[in-house]
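Below, chains carry the letters A, B, ... as their sequence lines are ordered, and counting in each starts from 1.
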There are 2 protein chains.
Amino acid sequence: MTGRARRQQVIIDILQRQPVDSQEELRQSLAGRGIEVTQATLSRDLRELGAAKTPRGYQLPSGTTPGRSESARALTPLARTMASFVTDIQTACNTIVLRTGPGHAQIVALEMDRAGLVGVVGCLAGDDTIFVAVASAQRAKELTRELLGLAELAGAGR
Amino acid sequence: MTGRARRQQVIIDILQRQPVDSQEELRQSLAGRGIEVTQATLSRDLRELGAAKTPRGYQLPSGTTPGRSESARALTPLARTMASFVTDIQTACNTIVLRTGPGHAQIVALEMDRAGLVGVVGCLAGDDTIFVAVASAQRAKELTRELLGLAELAGAGR
DNA sequence: GGTCATGGTGCATGATTATACGAGGATTGC
DNA sequence: GCAATCCTCGTATAATCATGCACCATGACC
């Protein structure tokens, strides 16, 4: 009985790393980390966390932070840039769209290019928007989660 | 008489006015406005709109706007701009690409942003080209048709 | 210790949402 | 016209989620 708080912390971590489309899927991910609970408990946890079920999986409300536990990666230039300028990230099939403040898209795109993110086919930046073409929809999903983390946005829309 | 687009506009309107906790509740609100459909249809509509089910009811993704209340759809700024500057429209999966005369892309993209088209995740304009990322390939198709109409291009794309 | 209140959980089940399938209408090409 | 196609939607049902209830553990209090 490691505790509810800890479990919810792990749930946050999982949701930020990978797309989760159902509570059953989440249950299995938790089991993989040695935490076994029923779907009913997850239903309660997700409500308490304020998680939303979107067509692209469960999303945490913005402001939810991962327990610095495992996500403690030193801040890369990309992370700093993203956290500073990116205001929103959305996925659509195999394309990721990032929004920034006016005039900042170029800077962010430059850093993304330098970072050499796996699966990224190319970036195209305007004034406040960046399109990222990704090799596959699947990879786009994953990448979006990662980028949301870097940008410290936690949840996508609203 | 494509009730679908109209219905989705009404759904957006309802979701922005009052909390809706279930599709059944939404169904009743729609019925109150004279639109009668089944829960299955709403499930599809909500997915296309990208709506998320949160502990506080259904939420629309940021950027979704109420859209012209159908009646005022006569000659919008978007329609005028599109008809004036857009020379070609093509769809690729979930991305729509519009071509304009040299230097006109920015103007058109600006109007598209203002229009708050349903399903549009973001626009990016160069000099004579505009990329539009759409939430789904399905929605991209529909939107392309609508845009072709606005641009008075008949069957340009495809 | 005994009793009570509180919080967290599983189980079973009700409520809600998603989807496979097919019908009906519109459009296109012949 | 007629067949082929594409859309949209309802029906039926599967899949998923929420919750009433009971149980157990813990801690406060007598």
Undergrad: I need the minimum non-hydrogen distance between B:T41 and B:R7, along with the two atoms involved.
TA: CG2-NH2, 3.4 Å

Undergrad: Rounded to whole angstrom units, what separation is found between the CD1 atom of B:I35 and the P atom of D:dG10?
TA: 12 Å

Undergrad: One pair to check against side chain to side chain contact (heavy atoms under 4.5 Å, CB included): A:R27 and A:E24. What are the steps and the verdict?
TA: CA-CA 5 Å; A:R27 194 184 66 70; A:E24 172 59 20; 2.9 Å; yes

Undergrad: Nearest whole Å is fine: how far is C:dG8 P from A:L46 CG?
TA: 16 Å

Undergrad: Round to the nearest Å and state the distance from B:R47 atom CZ to D:dT8 atom C1'.
TA: 13 Å

Undergrad: Between B:L30 (CG) and D:dG10 (C1'), how many Å, whole number?
TA: 16 Å

Undergrad: Answer with base, sugar-phosphate or nothing: what part of the nucleic acid does B:S22 contact at a heavy-atom distance below 4.0 Å?
TA: sugar-phosphate

Undergrad: Would you mind reading off the distance between A:R27 atom CZ and C:dC11 atom P, rounded to a whole angstrom?
TA: 11 Å

Undergrad: What's the CG-P distance between A:L42 and D:dT19, to the nearest Å?
TA: 15 Å

Undergrad: Examine C:dA18: is either OP1 or OP2 under 4.0 Å from a nitrogen or oxygen in the side chain of B:S43? Give yes or no.
TA: yes

Undergrad: Once you round to the nearest 0.5 Å, how far does CG of B:L46 lie from CD of B:Q8?
TA: 8.5 Å

Undergrad: Within less than 4.0 Å of OP1 or OP2 of D:dT16, is there a side-chain N or O belonging to A:K53?
TA: no

Undergrad: Could you check whether the side chain of A:R44 and the base of D:dG20 have a donor-acceptor pair of N or O atoms closer than 3.5 Å, going by distance alone?
TA: yes

Undergrad: On DNA chain D, check which nucleotide each of A:Q23 and B:D45 is closest to and give me the residue with the more 5' one.
TA: B:D45

Undergrad: Could you tell me whether the side chain of A:Q39 has a donor or acceptor atom within less than 3.5 Å of a complementary atom in the base of D:dA18?
TA: yes

Undergrad: Identify the residue among A:L147, A:I130, A:V97 that makes a side-chain contact (heavy atoms from CB on, under 4.5 Å) with A:I89.
TA: A:L147

Undergrad: Would you say C:dT17 has OP1 or OP2 under 4.0 Å from some side-chain N or O of B:Y58?
TA: yes

Undergrad: Taking it one step at a time, do A:S43 and A:Q39 satisfy side chain to side chain contact (heavy atoms under 4.5 Å, CB included)?
TA: CA-CA 6 Å; A:S43 172; A:Q39 168 267 322; 4.0 Å; yes

Undergrad: Under 4.0 Å: is that the gap between some side-chain N or O of B:R7 and OP1 or OP2 of D:dC9?
TA: yes

Undergrad: CD of B:E25 versus P of C:dT16: gap in Å, rounded?
TA: 9 Å

Undergrad: Are A:T41 and C:dG10 close enough that a side-chain N or O sits under 4.0 Å from OP1 or OP2?
TA: yes

Undergrad: Report the distance from atom CD of B:E24 to atom C1' of C:dA15, rounded to the nearest whole Å.
TA: 11 Å

